[in-house]
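Read through the structure below, which is laid out as structure tokens, and then see the notes.
These numbers come from a predicted model, not from an experiment.
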Number of protein chains: 2
Amino acid sequence: MTRSRADLFDAETVAMADFARAMSHPARIAILRRLMEEGAQTAGQLVAALPLAQATVSQHLRALREAELVVATEAGTRITYALEGARIRHFCHAFQQALGTAGVPTEAMRACHI
Amino acid sequence: MTRSRADLFDAETVAMADFARAMSHPARIAILRRLMEEGAQTAGQLVAALPLAQATVSQHLRALREAELVVATEAGTRITYALEGARIRHFCHAFQQALGTAGVPTEAMRACHI
DNA sequence: ATCCTTTATCGTATATTTACGTTATACGAT
DNA sequence: ATCGTATAACGTAAATATACGATAAAGGAT
């Protein structure tokens, strides 16, 4: 990957790839799904819920923070994570727009019963 | 990643992560977007459209094939790639369902003008 | 038969990711 | 002040991903 990325592809394409990459590990998907289902959770709660060492979960949380898919708020010694709802929705929508209608019969085709 | 994956996470979570991983490189996003916008393309057309060597594009196409996001059909010496529309739609929908409504005000909240 | 085109595969160098033990930091409780 | 808890950051080994030249395989054209 010598020096590819922003130089070689347009910004929108790179942004979509970065978003997908942030989601490209089961642990990170599991974290996001859990935050969605249970609401905000502390790092410790997430560690307890995942089959990985604390250091590893912390590393995945950093990746999600850096991709701005979650926000962390400190309260004393605890750190609570919550979804960046707006940003996640934005990208789900972008994917839906860009790719989510692939091969869907058009109005005209359906009108003709093709 | 010593031996994680299917052992440690549920199938749905792994499937979503695998889909995201298949999309996690700008070249692969660019390929998918192009197939969406221009319709099916030969490998050669995709090579011409991307700032990467033929071998590299071929490798990205294999990744997309293995993730079943595209299908290849041979015609003589040419190989034409097309989107696996149904599968892509399925996952765009799955992400929308699982994460795409994060932080959206509920009916009840909106009714109360919160 | 020979040559050219098209595309996949091989080999390989480099970069990135993942996992985890260990250590550092910072807060709260005693 | 000391100790325990909660978390991030460091260091590092192993696995994967990325890029690309070179080569192989298979059709088509002459």
Side-chain angles (χ1 to χ4, degrees), chain A residues 1-9 13-14 17-32 35 40-67 69-82, chain B residues 1-9 13-14 17-31 34-35 40-67 69-82:
Chain A
M1 208 200 298
T2 331
R3 53 63 221 293
S4 81
R5 273 283 124 76
D7 334 338
L8 301 179
F9 298 92
T13 294
V14 172
D18 287 348
F19 175 77
R21 179 161 301 222
M23 298 230 187
S24 73
H25 191 286
R28 294 194 293 271
I29 292 283
I31 289 169
L32 295 174
L35 293 178
Q41 303 262 301
T42 67
Q45 289 177 302
L46 294 168
V47 168
L50 292 175
L52 294 171
Q54 180 269 322
T56 307
V57 174
S58 182
Q59 200 170 258
H60 284 301
L61 285 170
R62 172 158 46 144
L64 290 172
R65 255 186 283 132
E66 284 173 356
L69 299 189
V70 303
V71 255
T73 61
E74 308 195 21
T77 177
R78 305 271 163 90
I79 300 186
T80 297
Y81 285 89
Chain B
M1 210 202 297
T2 332
R3 51 63 219 295
S4 81
R5 274 280 126 77
D7 335 339
L8 301 179
F9 298 92
T13 295
V14 172
D18 287 349
F19 175 77
R21 183 166 301 245
M23 298 229 184
S24 71
H25 192 287
R28 294 194 292 272
I29 293 282
I31 290 168
R34 192 174 176 80
L35 293 178
Q41 303 264 301
T42 66
Q45 288 177 301
L46 293 168
V47 169
L50 292 174
L52 294 171
Q54 180 269 322
T56 306
V57 174
S58 183
Q59 201 170 257
H60 284 302
L61 286 170
R62 173 160 46 149
L64 291 172
R65 257 185 282 133
E66 284 173 357
L69 299 190
V70 303
V71 256
T73 62
E74 308 194 23
T77 180
R78 307 268 161 92
I79 300 186
T80 297
Y81 284 90

Quick one: side chain to side chain donor-acceptor pair (under 3.5 Å) pairs with a partner in residues 53-67 of chain B, sequence neighbours left out?
R28(B)-H60(B), R65(B)-Y81(B)
Under the rule for side chain to side chain donor-acceptor pair (under 3.5 Å), what residues qualify as partners of T13(B), not counting sequence neighbours?
R33(A), D10(B)
Heavy atoms under 4.0 Å is the rule here; annotate nucleotides 3-10 of chain C 5' to 3' with B where the base is hit, S where only the sugar-phosphate is, and - elsewhere.
---BBBB-
Can you check the L64(B) CG to dA17(D) P distance for me, whole Å?
13 Å
Which residues satisfy the side-chain contact (heavy atoms from CB on, under 4.5 Å) test with A49(A), sequence neighbours excluded?
R34(A)
Mind checking what makes side-chain contact (heavy atoms from CB on, under 4.5 Å) contact with A48(B), not counting sequence neighbours?
none
For R21(A) and dA17(D), is the shortest distance between a side-chain N/O and OP1 or OP2 below 4.0 Å?
no
To the nearest Å, how far apart are E74(A) CD and dT7(D) P?
10 Å
Closer than 4.0 Å, any side-chain N/O of T56(B) to the OP1 or OP2 of dT18(D)?
no
Quick check on the helix from dA1(C)-dT30(D) to dT30(C)-dA1(D): what's the angle between its two end axes, five base pairs per end, to the nearest 10°?
10°
Quick check on dT18(C): is either OP1 or OP2 less than 4.0 Å from any side-chain nitrogen or oxygen of R28(A)?
yes
When rounded to the nearest 0.5 angstrom, what is the spacing between CZ in F9(A) and CG in L52(B)?
4.5 Å
Rounded distance (nearest 0.5 Å) linking atom CD1 of I79(A) with atom CD of E74(A):
4.5 Å
Could you tell me how far apart Q41(A) (CD) and dT7(D) (P) are, to the nearest whole angstrom?
11 Å
Between dT18(C) atom P and E66(A) atom CD, what is the distance in whole Å?
12 Å
Phosphate-side-chain proximity, H60(B) and dA17(D), N/O vs OP1/OP2 below 4.0 Å
no
So how far is it from H25(A) NE2 to L64(A) CG, rounded to the nearest 0.5 Å?
11.0 Å
Measuring from atom CG of L69(B) to atom CG of L61(B), what distance do you get when rounded to the nearest 0.5 angstrom?
11.5 Å
Can you check the H25(A) NE2 to dA17(D) P distance for me, whole Å?
11 Å
Just verifying a value: how many Å separate R21(B) CZ and M23(A) CE, rounded to the nearest 0.5 Å?
14.0 Å
